[in-house]
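Following: one structure in structure tokens, then a few remarks.
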Amino acid sequence: MTSPPNDLLTRLRASEQEHVLLDWDSLDNDARATFVRQLAAIDFAQLAALRARVNTSADAMPANFAPPHVTPAAFTAEEKARGADALQRGKIAALLVAGGQGTRLGTLQPKGMFPAAPISGVSLYQLHAEKVFAIGCRYTHKLPFLVMTSPATDAPTRAFFAEHEHFSLVPDQVKFFQQGTMPAACPRTGRLLMEAPGRLFLSPNGHGGTLTALAESGLLRELAARGVEHVFYFQVDNPLVKVCDPGFIGRHLATESEASSKVIAKELPEEKVGVLVEVNGRCSITEYTQLPKHLSEERDANGELRFRAGSPAIHLFSVGFLERVTRTAAGALPYHAARKSVAHYDPHTRTMVPAPPAGEPNAVKFERFIFDALPHAERWLAVETPRDEEFAPIKNATGPDSPETSAVAQLALYAQWLARAGVETNGNLVEISPLFALDEDELAAKAPRLPAITEMTILN
Ligand code: UTP
């Protein structure tokens, strides 16, 4: 290929993106062909429209929103039994999203490989996989474990699972699939950023990319064909998540919900979690940046925050709902634009531009959010779960939501389980592996056989 195809040139000119070809002459034939394929897949008009929305009110709060109806997570024996039955009959799959770049944490590896357990230092991937393994043993059915990766996390994630022999899961039980990507643009000029000569700068298209990726990979069809009826969605950075919580599944089934979400009560108005709201009878999650300050601070008659239904990003979706959304509305899941600081290649100067300080973003990235699917659900459910039992995310390197706060929360929960089971720890720190006890009830059942705890201990 000596020169770029004419139709591509026309599209690039029309969208004022010709700079991407400045290095054309220095590329070899293979690189040219790869670059042409990459550019052919780009919808330039869509990108221009998205960028135009940065700093507009397009991401503003919808009108008519109210606090949602939330049910407490004290599940009945009947709900738990119903969920257990669904797990036993193979109706449930677990879906872990692990495509994010973890920029705030600042590790070079996928976040799932981060040592998260407070004493053993076991990785997030291992904790999640062991929960899935333990569920498979308890309910005598090896549920599918879907792991969504991105180009940045795919190869190291697969290698990590292989190296650890899939953490005792049957390899066929673990299904990796990759999410899509989106180019990034200069916020000032709208020009697409480059990663290297002949290569656009691409980033994962957000956790909302899960839905299209699930459908396009054929996995959604495969789940339906295997008789799976509901998918438990969770994020990689929360070691406390109760994967496939049977009570949650049972209530989801009993209410015939299409999309169920756990919520945790926000304690402070400025806490950085999305908030579940009800809009015209439908469920919606609004980002903390969108909720006006006066509303985030508003209190009800009991003195509690009125908009307190914080989202830990734990959902259950019916397969029928996922099929409908991906068939009819996936294209319509909106893109959100975020200003970020990124290192990239400048084809004009032929140099790498280092990432500026975080306060001076030089790029606009575009992401879809999973919670934009929620308003499509005709029947939905919100269940409040105690934060100390189910939410200790690792987002930042230090400060709130860091490895340190997460470790403290994990140890505090295990100490609580042990205390309530009557186990004397003599003030020693104890970590409980999912393989030893998946939940408090299992720990309580094993407690009478536990020896006295006289030193820092890992129960596994
Ligand atoms: P976050 O929004 O916290 O982003 O992801 P992140 O990429 O982990 O971290 P930062 O913002 O760069 O610091 C929440 C969850 O969504 C997944 C992440 O892997 C995490 O489990 N995610 C995020 C994806 O799977 N794909 C994406 O494109 C973005």
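Both counts, for ligands and for their atoms, begin at 1 and track the order of listing. Side chains are part of it too, since the values below use all heavy atoms of this structure and drop only hydrogens, waters and symmetry mates. The chain is numbered in sequence order, starting from 1. This structure is a prediction, so every number in the text was calculated from the model and none was measured.
Screening Leu223, Thr210, Leu95, Leu220 for a side-chain contact (heavy atoms from CB on, under 4.5 Å) with Leu322, the sole residue that qualifies is Leu220. Exactly one of Lys242, Lys80, Arg138 qualifies for a salt bridge (charged side-chain N to carboxylate O under 4.0 Å, His left out) with Asp439. That residue is Arg138. Among the candidates Phe161, Phe234, Phe145, the single residue satisfying the ring-ring contact (aromatic ring centres under 6.0 Å, His included) test with His128 is Phe234.
Ligand 1 is surrounded by Val97, Ala98, Gly99, Gly100, Gln101, Gly102, Thr103, Arg104, Lys111, Met148, Gln179, Pro204, Gly206, His207, Gln235, Val236, Asp237, Lys395, each with at least one heavy atom closer than 4.0 Å.
A side-chain N or O of Glu390 and one of Thr385 form a donor-acceptor pair less than 3.5 Å apart.
You'll find the ring centres of Phe167 and Tyr125 outside the 6.0 Å limit.
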- [ ] Would you check, one step at a time, whether the test side-chain hydrogen bond (donor to acceptor under 3.5 Å, both in side chains) holds for Asn205 with Gln179?
- [x] CA-CA 7 Å; Asn205 63 354; Gln179 68 177 110; 3.0 Å; yes

